[in-house]
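Single-structure report; data block below.
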Amino acid sequence: MKYAILSVALAAACLGACASSADKVAATYVSPIQYTSYSCGQIREESARLASRAATAAGVQDQKRKDDQVVTAVGAVVFWPALFFIDGDNAQTAELARLKGEMEAVEQASVQKNCGIQFQRQARS
């Protein structure tokens with residue numbers, strides 16, 4: 001009984017160490033100044049490139065979160081030393097935050113230049 005309570009408490013503590021879901025990763029500030037010399041066509045191309053890279057990074061981030069959750073469940077129920085393999089947020093999370101920040105900067109540059117580009121935000125869950 002004590003082992004079960006300890007396992008549940010340890011698992012609950014480790015859940016906070018799991019990687020964040022992609023939609024919970026906040027954008028890092030990136031100045032739009034670097035895009036002021038871009039034409040509207042270049043801004044459109046850059047936004048498409050960044051959106052593609054951000055989508056890939058978000059997929060990797062969400063998979064990392066799922067993997068951490070599986071390790072937590074296994075560690076809590078079967079083998080508690082597995083809990084030491086939970087990485088939490090890491091360089092992948094920082095990369096996703098940077099890409100989100102660049103997307104915001106490109107959007108700001110587009111608005112400043114009146115490019116008329118429609119940016120779609122990812123729906124929050």
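Here Tyr38 contributes atom OH and Glu45 contributes atom CD; the two are 10.0 Å apart, rounded to the nearest 0.5 Å. Atoms OG and CD, from Ser31 and Gln108 in turn, are 8.0 Å apart once rounded to the nearest 0.5 Å.
Formation of a donor-acceptor pair under 3.5 Å by the Thr36 side chain with backbone atoms of Pro32 is not found in this model. For the pair Glu104 (side chain) and Gly101 (backbone), a donor-acceptor distance under 3.5 Å is absent.
For the side-chain hydrogen bond (donor to acceptor under 3.5 Å, both in side chains) with Glu95, the lone residue among Lys100, Arg53, Gln61 that qualifies is Arg53.
Scored by the side chain to side chain contact (heavy atoms under 4.5 Å, CB included) test, Gln34 finds Val30 as partners (sequence neighbours excluded). Shown here are the side-chain hydrogen bond (donor to acceptor under 3.5 Å, both in side chains) partners of Arg44, two or more places apart in sequence or in another chain: there are none. For Ala57, the side chain to side chain contact (heavy atoms under 4.5 Å, CB included) partners two or more places apart in sequence, or in a different chain, are Gln92, Leu96, Leu99. A search for side chain to side chain contact (heavy atoms under 4.5 Å, CB included) contacts involving Ala48 returns nothing, not counting sequence neighbours. Partners of Glu46 by side-chain hydrogen bond (donor to acceptor under 3.5 Å, both in side chains), not counting sequence neighbours, listed by chain and number: Arg49. When the side chain to side chain contact (heavy atoms under 4.5 Å, CB included) test is applied to Thr28, the partners found at least two apart in sequence or on another chain are Ala97.
Connection of Val25 to Val60 is not established within any shared hydrophobic cluster, with ILVMFWY side chains joined at heavy-atom distances below 4.5 Å, either directly or through further cluster members.
The two residues Tyr35 and Ile43 make their nearest non-hydrogen contact at O-CD1, 4.4 Å. Cys40 approaches Ile117 most closely through the heavy-atom pair O-CD1, 4.0 Å.
No hydrogens or angles considered: nothing links the side chains of Ser47 and Glu107 as a donor-acceptor pair under 3.5 Å.
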